[in-house]
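Notes follow once the structure below has been shown.
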Amino acid sequence: MTLLTVEDVHKRYGREEVLKGVSLTLNRGETKVVIGPSGTGKSTLLRCVNRLTEPDSGRIWLENVEVTSAKTDINHIRAQIGFVFQDFNLFTHLTALDNVRLGLVSVKKLPKKEATDRAMAELERVGLRHKAKAYPAQLSGGQQQRVSIARALAMDPKLILFDEPTSALDPELIGEVLAVMIRLAEEGMTMIVVTHEMGFARSVADEIVFMEGGVIVEHGPPDRLFRSPEKPRTAEFLRRISELYGQEGR
Amino acid sequence: MNLVFDWAWLPRLSQGLVLTLELTALCMGLGAVFGALLGLVRVYSGGKFSPLYWLASGYVHFFRGTPLLVQLLTIYFGLPTVGIALSPFWAGLVAMTLNTAAYQAEYFRGAIQSVKAGQMMAARSLGMTRVQAIRHVILPQALRLVIPPWSNELIYMLKYSSIVSLTRLDAGTMDLFGAGRWIQSRTFRYFEVYIIVALFYLALVLILTLVLRWVEGRVRIPGLGTPRRSV
Ligand SMILES: Nc1ncnc2c1ncn2[C@@H]1O[C@H](COP(=O)(O)OP(=O)(O)O)[C@@H](O)[C@H]1O
Ligand SMILES: [Mg+2]
C-alpha cells in the first residue's frame, strides 16, 4: 500500500538548515497537499524526493527501492516520478508534442511512432491535442502547465510531485490546470501537491501537511485540519491565508 | 590622380580569395568543435575542484591573452627549432584554430549558461542522464544563442586571416591579402590594389552576414524574441 516513504530528511544550504528532519508516507492513490509559508522548505522537500536536490541525511523509499541509496540508478527512479514545476520548464525549443515525446524516446527508448501516439494521447487527456505543433512561447501559461502535466503523465509515473503548479498563472488560467489535477486525483493518481489553493486542498486532498521552518508542524485530513487545527501556528497560517484569498479559499 | 586597375590581377586575387575562405572555414569549423567542448568542460566539469576545468580555463586564458600574430609566428618560426616544421598553410590553420577555439569557448560557455537552469532540472526530472540532457535540451538552445557572437567571430577571423601572409606563403598558397601584396610587388600599384583587396573582404563580409542572418531566422524558436521584420 505504501508507495513513498520519507524518513528524517535533512537539508542545509550553507548555515541555514532548510529541512530539519521531515518524515512522511504516501499510500498508492493518495493525494497529499503540502501547505506552508514561503521559504519553509516545501520545494526543497519535493526536490529531495527524486534527488534533484541531494538530501544531507535521511532515507527515502519508492515502494521497496531505496531512492537515497548510492547503488540505486537515480535516473530509473526519476523516470517513475513525475515533477511539475511552478514555472513549467517546458523545453523552449520543442513543440508541445516533442516536449511530451522527448522522455519517451530518450529515456524509455520507445520507437518514434509509438512515442508519438502516446504523446498525442496525453495531450488529448489535458485537452491540448490541437496545440501539438505549438511551441511553449506560443501557449498561455495555463496551456504550458497542462503540457508539462502531459509530459509527466507520458512517463507512466507512479507518483507526481506538483510544486505550486498554479502560482505563476494569471487568476483566470488557474481553473483549467486545477481541473486537470482534480481529474487525475479522481482517476487514482498518487500525488503530492504544494499549493496555496485551499479550495483545491479541501476538496481533493486525502491529507493536508502543514510545514513551517523546515519541519512538518501538523498533518491530518482536510476537514479536521481546516476546522480545528491542533497547533497555534497552523491556525495562524490558515487565518492569514483566508485573509488573502477569502474564507472559502480559491 | 591617375588610378589604374587591371583585369589581369583577377586570377591571382581569386586564388587568394579561395585560400582565405578555406582557412577561415576550416579554422571556424574546427574551432567550433573544440570551442564547444572547452565551453562544456568549463560549465559542467565541476568547477574549481576539477583538473579538467583548470586545463580548459588555462587554455582559454592563454590563447585569448596573447596576440594571434605572436601565436602564428611562434608556430611558424619557433616550432622548427624543436623539430616541428609546418608549412605556411598549416601553421596558419593551426594558429587560427587554436586562437578562435579559445574565443569560441567563451561564446559557447556564455550561451550554455544563458539556458535557464529549469531546463536542465526538467530534463533530469524525466530521468535523462546529464549527457542526454545536454544533447537534447541544453545544446539545441545554446547553439541558437551562440549564432550572433559566432557570426562576429567568423567575420573577425576572415579579416584577421590576412596575417598568414606574414609567413612565407609561396605563390601557390597565397591568401587574399598575400595575393594583393604579390601584385603590388610587381606592379607598384599599392593604392589601387589595397582598394581592390579591401572591396573583396567587404563583399565577403556582407555575404556571410546575410547568410548567417538567414540561418538565425531559420532556426528561431517560434513565439520567442522579436521577428526580424515587424508588421
Ligand atoms: N539552491 C539553493 N541554494 C541556496 N539556498 C536555497 C536553495 N534553494 C532553496 N534555498 C533556500 O532554502 C529555503 C527554503 O526554500 P524552498 O524550499 O524553496 O521553500 P518554499 O518552497 O517552501 O518556499 C529558502 O530560504 C531558500 O532561500
Ligand atoms: Mg517553493
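Numbered from 1 within each chain, the chains take letters A, B, ... in sequence-line order.
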Minimum-distance pair of heavy atoms, taken over all atoms of [X] and [Y]:
{"X": "B:M121", "Y": "A:L52", "result": "O-CD2, 3.9 Å"}
{"X": "B:Q132", "Y": "A:S106", "result": "NE2-O, 2.9 Å"}
{"X": "A:T92", "Y": "B:Q119", "result": "N-OE1, 3.4 Å"}

Option from B:I221, B:L139, B:V219 for which side chain to side chain contact (heavy atoms under 4.5 Å, CB included) with A:H93 holds: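 One option only clears the test, and that one is B:I221.
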How many angstroms lie between atom [atom1] of [X] and atom [atom2] of [Y], to the nearest 0.5 angstrom?
{"X": "B:R220", "Y": "A:Y135", "atom1": "CZ", "atom2": "OH", "answer": "11.0 Å"}
{"X": "B:R130", "Y": "A:N75", "atom1": "CZ", "atom2": "CG", "answer": "11.5 Å"}
{"X": "A:I74", "Y": "B:T129", "atom1": "CD1", "atom2": "OG1", "answer": "13.5 Å"}

What part of [X] gets within 4.5 angstrom of chain B, counting heavy atoms only: side chain, backbone, both, or neither?
{"X": "A:R51", "answer": "neither"}
{"X": "A:L90", "answer": "backbone"}
{"X": "A:I81", "answer": "backbone"}

Pairs of heavy atoms under 4.5 Å with chain B: top-ranked of A:A137, A:S148, A:A154: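 Among A:A137, A:S148, A:A154, the one with the most close pairs to chain B is A:A137.
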Sub-4.5 Å side-chain heavy-atom contact between B:H136 and A:V105: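 SC-SC contact between B:H136 and A:V105 ruled out.
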Side chain to side chain, B:S125 and A:F85, heavy atoms closer than 4.5 Å: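 Result yes, sub-4.5 Å side-chain heavy-atom pair found.
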B:R135 versus chain A, the contacting section by heavy-atom distance below 4.5 Å: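 When you check distances to chain A, no heavy atom of B:R135 falls under 4.5 Å.
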Residue, of B:P140, B:P222, B:A117, B:A122, that accumulates the most heavy atom pairs under 4.5 Å with chain A: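 Maximum pair count with chain A is reached by B:P222.
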Over 12 non-hydrogen atoms of neighbours within 6.0 angstrom of CZ in A:R12: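 Yes, because the 6.0 Å sphere around CZ of A:R12 holds more than 12 heavy atoms from other groups.
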